[in-house]
Amino acid sequence: MSFPLLTATAALPALGAIATAAVPAARRTAAKWLALLVSVGTLALSAIQLVRFEPGGARYQLTESHAWIKDFGVRYELGVDGIGVALIGLTALLIPFIIAAGWHDADPLETNAGPESSFAAGRWRPTQGFFALILAVEAMVVLSFEATDVFLFYILFEAMLIPMYFLIGGFGDRAHAQGDEAAATQRSYAAVKFLLYNLVGGLIMLAAVIGLYVVAGSFSLSEIAAARASGSLHMATNTERLLFLGFFFAFAVKAPLWPLHTWLPNAMGEATAPVAVLITAVVDKVGTFAMLRFCLQLFPEASKWATPVIVVLAVISIIYGALLAVGQRDIKRLVAYASISHFGFIIMGIFAMTSQGQSGATLYMINHGISTAALMLVAGFLISRRGSRLISDYGGVQKVAPVLAGTFLIGGLATLSLPGLAPFVSEFLVLVGTFSRYPVAGVIATLGIVLAALYVLVLYQRTMTGPVKAEVQGMPDLKVRELLVVAPLIALLIFLGVYPKPLTDIVNPAVRQTMSDVQKKDPNPVVEAAK
């Protein structure tokens, strides 16, 4: 039997989570290093996946299939296509930086009486639990990108909510004062809202999963697709549309798409900066990935039927998220609303039903993850120094911490998709692909670029330029650990902005297969005859 690489890539962080949680309470530093080493090992396994994956080969590669619940036809079935293997690489890449950035985020809060008093007062922050939960989320996200059994995917889709709930509610932003009951209430509210929104979406999806099994008699994605291609499986039009809506609703909540987005600003605002990155750069990508893998492949006709409405909702997300980002006074909530705008671009690219749009959407998932991680982690370093998330509490930071300000600027420029940085390529492809089929939507969506320049440059101007405020006068610049977190992300943004070919070579064959599933071809360019 060949080595089960896909299982190993998910099993390593799962076992690492158990081992990290079991580290004795007094060995906090050992728990941190163990979690970091496990995440680096997972990155190495994901790199092996990329090396072994053949872009021109079979649709699903490195496959594994084992009986699980025979009576219900549920199988432990894994496989990766170009989109899945790229997103696994993104996840495995970001987790070590998330762990390193949050190195002190779960240390016990000190009081005048020392950390033991904090423990007695119920304010102890279990370091081992924090890093174990991050690894648990990584394991579930990686396995969800690999799952080709619909029921297995659903289990993972729901299970990842539990560790995320505790990361948001149990490890809040340390910009709040110690023992602040109002801050604790806000954290609890954000965590419960995150959980309820996603649980409602998951319950609706569960009904659709059951309905799919009743109609198709299988949970296997490959079996259902083969049956549809051969004509042995036929879904009534209304049935297919209802099943599509059940799946899409859950994915739109996770993505998040307007008007199902309202949990994200609360969750990102109250979470630590590394956990905020985990939410929007890693976990939320499961929603957009699932739209490509499940909605378009399982329900091609319903996907085409719903496309006009989804494109409109995506355009609203782009403009709405950008407008609210412009008006934000909170740094982290500004990044959250910017992410809502960016997810609008991703979803619009997926449902533009063009190869450029879907390639751009896939690249956008990866590039958005890197750019948001760079911006949010630097913002977290900034907030930890000043102890405030309010933009008005900063000013003149570039004079006292020039490296911090410079990295913050590059992260912001990537967020507004400056040419030469990675998000520009993906945003350009999404707009080109959308304009070729839905020109009005493409034109309106370009306003999101203008608004992005506004909220990013205004944010930089108000925090980094101008007179140095007294509260930031002695602010230290980035430390070595923080530079080691940010510098590779910035280097990747520049490299992929100049040379995106390694990614496009991997994802384009998968995009062509998805276009074949929905039986769509790119529109022919309109060329006016010369007079």
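When a residue number appears, it is its place in the shown sequence, counting from 1.
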Student: If you look at every heavy atom in Gly448 and Ile319, which pair is closest and at what distance?
Tutor: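 For Gly448 and Ile319, the tightest heavy-atom pair comes out as N-CD1, 3.8 Å.
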Student: Write down the atom of Gly202, the atom of Ala250, and the distance for their closest heavy-atom approach.
Tutor: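 Looks like N-CB, 4.3 Å.
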Student: Please find out if less than 6.0 Å separates the ring center of His368 from that of Phe345.
Tutor: no
Student: Evaluate the criterion side chain to side chain contact (heavy atoms under 4.5 Å, CB included) for residue pair Leu334 and Asp330; output intermediate values, then yes/no.
Tutor: CA-CA 6 Å; Leu334 184 152; Asp330 183 310; over 6 Å; no
Student: For Glu270, which of Arg389, Lys193, Lys332, Arg333 qualifies under salt bridge (Lys or Arg N to Asp or Glu O under 4.0 Å)?
Tutor: Arg389
Student: I need the single residue from Leu5, Thr148, Thr9, Thr7 that forms a side chain to side chain contact (heavy atoms under 4.5 Å, CB included) with Leu78. Which is it?
Tutor: Thr7
Student: Kindly give the heavy-atom pair with the smallest separation between Ser317 and Gly344, and that separation in Å.
Tutor: CB-CA, 4.0 Å
Student: Do any N or O atoms from the side chain of Glu482 and from the backbone of Lys479 form a donor-acceptor pair under 3.5 angstrom?
Tutor: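 Yes; at least one donor-acceptor contact below 3.5 Å.
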Student: Looking only at side-chain N and O atoms, does Tyr394 offer a donor or acceptor that is under 3.5 Å from a partner on Ser388?
Tutor: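 Absent: no donor and acceptor within the cut-off.
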Student: To the nearest 0.5 Å, what is the distance between CE on Met376 and CG on Leu489?
Tutor: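 Between atom CE of Met376 and atom CG of Leu489 there are 13.5 Å.
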Student: Is the CZ atom of Arg481 crowded by more than 12 outside heavy atoms at less than 6.0 Å?
Tutor: yes
Student: Strictly below 4.0 Å, N to O, side chains only: are Arg385 and Glu471 in salt-bridge contact?
Tutor: no
Student: Evaluate the side-chain proximity of Arg293 to Ile83: yes if any heavy-atom separation is below 4.5 Å, no if none is.
Tutor: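 A side-chain contact under 4.5 Å is absent here.
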Student: My understanding is that only one of Asp105, Leu133, Thr127 makes a side chain to side chain contact (heavy atoms under 4.5 Å, CB included) with Phe171; could you say which?
Tutor: Leu133
Student: Rounded at 0.5 Å granularity, tell me how far CG in Leu421 sits from CG in Leu492.
Tutor: 12.0 Å
Student: Within 45 degrees of the axis of the six-membered ring of Phe157 and under 6.0 Å from its centre: does Lys254 put its NZ or CZ there?
Tutor: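 Relative to the ring axis of Phe157, which defines the angle, Lys254 lies inside both limits.
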Student: Search all heavy atoms of Lys399 against all heavy atoms of Gly466 and return the closest pair with its distance.
Tutor: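 Looking at all heavy atoms of both residues, the shortest contact is NZ-O, 3.4 Å.
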Student: Look only at the side chain of Ser384 and the backbone of Phe381, and say whether a donor-acceptor pair between them is shorter than 3.5 Å.
Tutor: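 Confirmed, Ser384 side chain pairs with Phe381 backbone.
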Student: Is there side-chain contact between Pro500 and Leu503, with at least one heavy-atom pair below 4.5 Å?
Tutor: no
Student: Taking Thr280 for its side chain and Ala276 for its backbone only, find out whether a donor-acceptor pair lies under 3.5 Å.
Tutor: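 Not at all, since once roles are kept as given, no pair shorter than 3.5 Å links the two residues.
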Student: Just how far is it from atom CG of Leu377 to atom CG of Leu382, taken to the nearest 0.5 Å?
Tutor: 12.5 Å
Student: Any heavy-atom pair between the side chains of Thr514 and Gln358 that's under 4.5 Å?
Tutor: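 Yes, side chains in contact.
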Student: Any side-chain heavy-atom pair from Trp103 and Leu36 closer than 4.5 angstrom?
Tutor: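 Side chain of Trp103 against side chain of Leu36, heavy atoms only: contact under 4.5 Å found.
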Student: Going through the distances and angles, do Thr288 and Phe251 end up as a side chain to side chain contact (heavy atoms under 4.5 Å, CB included)?
Tutor: CA-CA 7 Å; Thr288 47; Phe251 303 152; over 6 Å; no
Student: I'd like to check Ile310 versus Met348 (side-chain heavy atoms, cut-off strictly below 4.5 Å). Are they in contact?
Tutor: no
Student: To the nearest 0.5 Å, what is the distance between CG (Leu323) and CD1 (Ile318)?
Tutor: 12.0 Å
Student: Could you walk me through whether Val253 and Met205 pass side chain to side chain contact (heavy atoms under 4.5 Å, CB included), step by step?
Tutor: CA-CA 11 Å; Val253 172; Met205 180 183 169; over 6 Å; no
Student: Taking CZ in Phe428 as the centre, count heavy atoms belonging to other residues, nucleotides or ligands within less than 6.0 Å. Is the count above 12?
Tutor: no
Student: Enter the distance from Leu135:CG to Phe130:CZ here, rounded to the nearest 0.5 Å.
Tutor: 10.5 Å
Student: Is any side-chain heavy atom of Trp263 closer than 4.5 Å to one of Leu195?
Tutor: no
Student: Please identify each residue that fulfils salt bridge (charged side-chain N to carboxylate O under 4.0 Å, His left out) with Lys285, with sequence neighbours left out.
Tutor: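 Once residues adjacent in sequence are excluded, Lys285 has no partner under the salt bridge (charged side-chain N to carboxylate O under 4.0 Å, His left out) criterion.
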Student: Heavy-atom distance under 4.5 Å between the side chains of Ser339 and Thr372, does that happen here?
Tutor: yes
Student: Using every non-hydrogen atom in the two residues, find where Lys32 and Ile99 come nearest and quote the distance to one decimal.
Tutor: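 For Lys32 and Ile99, the tightest heavy-atom pair comes out as O-CG2, 4.4 Å.
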Student: One pair to check against side chain to side chain contact (heavy atoms under 4.5 Å, CB included): Glu146 and Gln49. What are the steps and the verdict?
Tutor: CA-CA 11 Å; Glu146 298 172 344; Gln49 283 192 27; 3.3 Å; yes
Student: According to side-chain hydrogen bond (donor to acceptor under 3.5 Å, both in side chains), does anything in residues 152-170 pair up with another residue at least two apart or in another chain? List the pairs.
Tutor: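 Listed once each, the pairs would be none.
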Student: In terms of the angle between their ring planes, are Tyr460 and Phe408 parallel, tilted or perpendicular, with boundaries placed at 30° and 60°?
Tutor: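 Rings of Tyr460 and Phe408: parallel, under 30°.
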Student: Roughly how far apart are Ile506 CD1 and Lys501 NZ, rounded to 0.5 Å?
Tutor: 10.5 Å
Student: Do the side chains of Asp81 and Val85 get nearer than 4.5 Å, heavy atoms only?
Tutor: no
Student: Go through the steps for Thr262 and Tyr197 under the test side chain to side chain donor-acceptor pair (under 3.5 Å), then give the verdict.
Tutor: CA-CA 9 Å; Thr262 59; Tyr197 266 65; 2.7 Å; yes
Student: State, to 0.1 Å, how close Arg462 and Ile391 come at their nearest heavy-atom pair, and which atoms those are.
Tutor: CB-CG2, 3.7 Å
Student: Provide the full list of side-chain hydrogen bond (donor to acceptor under 3.5 Å, both in side chains) pairs with a residue in residues 417-431, sequence neighbours left out, each pair given once.
Tutor: Tyr364-Glu427, Asn367-Ser426, Ser417-Glu427
